Student: 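My structure is below; once you've seen it, I'll send some questions.
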Amino acid sequence: MKRNLILAIESSCDETAAAVVEEGRTICSNVVSSQIDVHRKFGGVVPEVASRIHIENISVVVEEALQQAQVSMDEITAVAVTQGPGLIGSLHVGVQAAKALAWYYDKPLVPVHHIIGHIYANRFVDELRFPLIALVVSGGHTELVWMKDEWSFEILGTTQDDAIGEAFDKVARVMGMGYPGGPAIDKAARLGHPYYMLPKPRTEKPLDFSFSGLKSAVLQLLERERKKGVSIRNEDLAFAFQEAALQTLLQKTMAAVRQFQPRQLVLAGGVAANSRLREMIQQQILETPQVHLTIPPLWCCTDNAAMIGAAGWTAYCHGVRGDWDLSASPSLEF
Ligand code: KG4
Ligand code: ZN
């Protein structure tokens with residue numbers, strides 16, 4: 001019997017990834033080659049370096065994904081690839097690889113939006129029940145997405161400035177906690193206590209987010225204390241920042257849930273790995289027992305190609321196709 005297999009490629013930031021996914025739900029292989037150790041030396045992702053490493057790794061990762069899934073290109077139904085958003089040079093490597101494979105093996109090419117991939121990662125662990133709200137929190141995104149139905153997306157709220165993951169990374173950097181900052185803050189905050197006061201972010205639109213004011217408040221506090229010669233209690237500052245950021249995130253998410261009354265709330269993106277966020281959202285959802293909460297396991301919160309395979313299969317079924325002139329789109333919209 002013919003199998004419905006998507007070969008998926010993801011290279012939007014600093015992971016070179018390829019996966020084979022069956023019917024959008026079953027992972028046959030999921031290979032991720034992370035560049036974190038290289039970028040750590042620079043304190044953040046260096047786009048030029050990232051694209052060079054993607055070029056070195058892409059064919060190895062694709063071959064490995066096919067080998068682990070024990071399939072050949074002939075058995076692949078379609079090739080899905082992250083078209084954007086992300087770093088232009090990084091995306092370009094994945095898009096070119098996908099185009100070359102699809103053209104050579106005469107397969108349909110399916111462009112996928114990175115964030116839609118993050119949302120569909122939830123399908124590996126749960127059914128998706130529509131209408132749903134997805135809280136998308138990553139290094140480049142902070143969005144509340146309304147999905148009335150399969151493959152239907154409407155943005156209810158977004159960030160007016162920094163993405164939440166970006167704020168975690170920048171705050172960790174000025175506190176000297178290294179890269180990536182999110183996991184470092186998460187860990188430090190576990191040992192922190194209420195000590196520092198930080199302002200609650202404000203926005204004009206009730207479902208929008210803003211994190212740059214909070215980030216600046218941390219910078220100012222660090223500056224003030226340093227001038228006074230007072231040493232900073234890193235764990236307590238990480239705690240104060242994380243609580244302020246997550247409280248506003250959840251307050252808005254729950255406002256959206258009350259207003260739109262979805263059947264399901266799903267979490268998506270790298271910041272969904274945050275242990276305090278996972279704890280808080282589980283607590284908050286108790287207020288609305290009719291809403292089913294899905295939290296993806298840690299392995300599918302951060303960037304991977306399996307999620308692009310899950311979204312890619314649904315996209316394929318909805319007739320989404322890329323032409324041979326498909327190009328990477330760093331600020332691709334929904
Ligand atoms: O989804 P992702 O892997 O890449 C993007 O699409 O941006 O998300 C990466 C982001 C980074 O900002 C990283 O610091 C953050 O996710 N992150 C976390 C945690 N793990 C990763 N933020 C807070 N707590 C964590 N445990
Ligand atoms: Zn991502």
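Atoms within a ligand are numbered from 1 in the order they appear, just like the ligands themselves. Just so you know, these numbers come straight off a predicted model, no measurement behind them.
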Student: What residue and heavy atom of the protein are closest to atom 18 (C) of ligand 1, and at what distance?
Tutor: G182 CA, 3.6 Å
Student: Output yes when E56 and R52 qualify as a salt bridge under the 4.0 Å nitrogen-oxygen rule, no when they do not.
Tutor: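 No, no charged N to carboxylate O under 4.0 Å.
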Student: Do you know the tightest heavy-atom contact between L7 and L66?
Tutor: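 Between these two residues, the closest heavy atoms are CD1-CD2, 4.3 Å.
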Student: Please identify which atoms of ligand 1 are closer than 4.0 Å to at least one heavy atom of T302.
Tutor: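 Those atoms are 3 (O).
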Student: Quick check: P180 and ligand 1, any N/O pair under 3.5 Å apart?
Tutor: no
Student: Any N or O on F168 sitting closer than 3.5 Å to an N or O of ligand 1?
Tutor: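 F168 vs ligand 1: no N/O contact under 3.5 Å.
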Student: Which heavy atom of the protein is the closest neighbour of atom 6 (O) of ligand 1, given with residue, atom name and distance?
Tutor: H114 NE2, 3.0 Å
Student: Heavy-atom contact under 4.0 Å between H118 and ligand 1?
Tutor: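 Yes; H118 lies near enough to ligand 1 that a heavy-atom distance drops under 4.0 Å.
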Student: Checking side-chain contact (heavy atoms from CB on, under 4.5 Å) for the pair E63/V60: CA distance, chi angles, key distance, verdict?
Tutor: CA-CA 5 Å; E63 264 176 43; V60 181; 5.9 Å; no
Student: Of all the non-hydrogen atoms in the protein, which one sits nearest to atom 2 (P) of ligand 1, and at what distance?
Tutor: D303 OD1, 3.2 Å
Student: W313 vs Y316 aromatic rings, parallel, tilted or perpendicular, using cut-offs 30° and 60°?
Tutor: parallel
Student: List the closest protein heavy-atom neighbour of atom 9 (C) of ligand 1: residue, atom name, distance to the nearest 0.1 Å.
Tutor: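 Going atom by atom, the protein heavy atom closest to atom 9 (C) of ligand 1 ends up being G139 N, 3.8 Å.
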Student: Do NZ/NE/NH1/NH2 and the carboxylate oxygens of E279 and R190 come within less than 4.0 Å?
Tutor: yes
Student: Which part of D169 is near ligand 1, with near meaning a heavy atom under 4.0 Å away: side chain, backbone, both or neither?
Tutor: side chain
Student: On the 0 to 90° scale, with breaks at 30° and 60°, tag the W151-F153 ring pair as parallel, tilted or perpendicular.
Tutor: perpendicular
Student: Can you tell me which residue and heavy atom of the protein come closest to atom 15 (C) of ligand 1, and the distance to 0.1 Å?
Tutor: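 Ranked first by proximity to atom 15 (C) of ligand 1 is V271 CG2, 3.9 Å.
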Student: Quick one: does NZ or CZ of R173 land under 6.0 Å from the six-membered ring centre of Y179, within 45 degrees of the ring axis?
Tutor: no
Student: Which residue and atom name correspond to the protein heavy atom nearest atom 24 (N) of ligand 1, and how close is it?
Tutor: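 Going atom by atom, the protein heavy atom closest to atom 24 (N) of ligand 1 ends up being N274 ND2, 3.0 Å.
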Student: Side chain or backbone, does D186 bring an N or O within less than 3.5 Å of an N or O on ligand 1?
Tutor: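 Between D186 and ligand 1 (N or O atoms, distance only) the closest approach is under 3.5 Å.
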Student: Set out, in order, the CA-CA distance, both residues' side-chain angles and the distance that settles side-chain contact (heavy atoms from CB on, under 4.5 Å) for R258 and E287, then state yes or no.
Tutor: CA-CA 10 Å; R258 280 190 296 272; E287 287 171 21; 4.0 Å; yes
Student: Excluding waters, which protein N, O or S atoms are within less than 2.8 Å of the Zn ion (ligand 2)?
Tutor: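 Within the sphere that stays under 2.8 Å of the Zn ion (ligand 2), the protein atoms of type N, O or S are H114 NE2, H118 NE2, D303 OD1.
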Student: Counting non-hydrogen protein atoms only, what is the nearest one to atom 21 (C) of ligand 1? Give residue, atom name and distance.
Tutor: G270 O, 3.4 Å
